[in-house]
Amino acid sequence: VFDTKTHGIRASLKNLEGYFTRRKLKNIKEIINTYAPGGSIGQSQANTDAYVKSVVNYMKTNWDVNVTSTTTLTFAGSSETNSKNIKMFKELNKAILKQEGKLTADLISSIDSFDIKNLA
């Protein structure tokens with residue numbers, strides 16, 4: 001639980017940023033298999049595969065119709081300036097929140113308006 005919605009959004013985005021910048025994960029499949037690995041307690045590989053598929057479908061609708069689970073994604077963290085990469089990063093965060101049942105209209109608006117520089 002966070003004291004403000006902005007702090008919660010920043011934490012969610014910061015976690016995702018770490019997958020790109022520290023762990024060097026390159027695609028949806030790698031990210032979701034790290035975030036929700038099959039074989040962990042209460043999580044089967046079939047559930048993880050369905051999670052990946054759901055995130056890919058969300059991303060096809062909201063970011064790039066040609067994205068697949070293994071499409072290379074690029075995000076440089078708080079120094080990112082490429083608008084397509086920033087959009088991808090925010091949409092990926094929304095796709096994960098949607099899969100977790102936590103995406104609401106006010107969160108969408110807050111994520112869209114979040115300044116990536118605030119990840120520093």
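- Pairs of residues two or more places apart, or lying in two chains, that qualify as salt bridge (Lys or Arg N to Asp or Glu O under 4.0 Å) and include a residue from residues 48-68 are D64-K84.
- Note that OH of Y58 and CD of E91 are 5.0 Å apart. Values are rounded to the nearest 0.5 Å.
- To the nearest 0.5 Å, atom OG of residue S78 and atom CG of residue L13 are 12.0 Å apart.
- I9 approaches S110 most closely through the heavy-atom pair CD1-CB, 3.1 Å.
- Side chain to side chain, N85 and T74 fail the donor-acceptor criterion of an N or O pair below 3.5 Å.
- The closest donor-acceptor contact from the side chain of K94 to the backbone of D112 lies at 3.5 Å or more, if one exists at all.
- Within the structure, side chain to side chain donor-acceptor pair (under 3.5 Å) pairs that include any residue of residues 19-38 comprise N33-Q45 (at least two apart or interchain).
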Applying side chain to side chain contact (heavy atoms under 4.5 Å, CB included) to V52 and V56, what does each step give before you reach the verdict?
CA-CA 6 Å; V52 169; V56 168; 4.3 Å; yes
Could you go through F75 and K90, starting from their C-alpha distance and side-chain angles, then the distance that decides it, and tell me whether this counts as side chain to side chain contact (heavy atoms under 4.5 Å, CB included)?
CA-CA 10 Å; F75 185 71; K90 290 180 176 183; over 6 Å; no
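- Annotation: side chain of N66 is not in contact with side chain of T71 (no heavy-atom distance under 4.5 Å).
- The CZ atom of F20 lies 4.0 Å from the CE atom of M88; values are rounded to the nearest 0.5 Å.
- The minimum heavy-atom distance linking R10 with A120 is given by the pair NH2-O, 3.2 Å.
- L97 places none of its side-chain heavy atoms less than 4.5 Å from the side chain of T104.
- One distance of note links CG of L25 with OG1 of T72; it measures 12.0 Å at 0.5 Å rounding.
- Across F89 and E17, no two heavy atoms sit closer than the pair CE1-N, 3.6 Å.
- In this structure, V67 and L73 approach most closely via the heavy-atom pair CG2-CD2, 4.5 Å.
- Of all heavy-atom pairs spanning A11 and F2, the tightest one is CB-CZ, 3.5 Å.
- The line from CG of L107 to CD1 of I111 is 5.5 Å long, rounded to the nearest 0.5 Å.
- Of all non-hydrogen atoms in L119 and K14, the two that sit nearest each other are O-NZ, 2.5 Å.
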Going through the distances and angles, do I86 and S83 end up as a side chain to side chain contact (heavy atoms under 4.5 Å, CB included)?
CA-CA 5 Å; I86 293 169; S83 61; 5.5 Å; no
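- Put simply, the side chain of I31 reaches to within 4.5 Å of the side chain of L16, judged on heavy atoms.
- Between the side chain of S109 and the backbone N or O of A105 there is no donor-acceptor pair closer than 3.5 Å.
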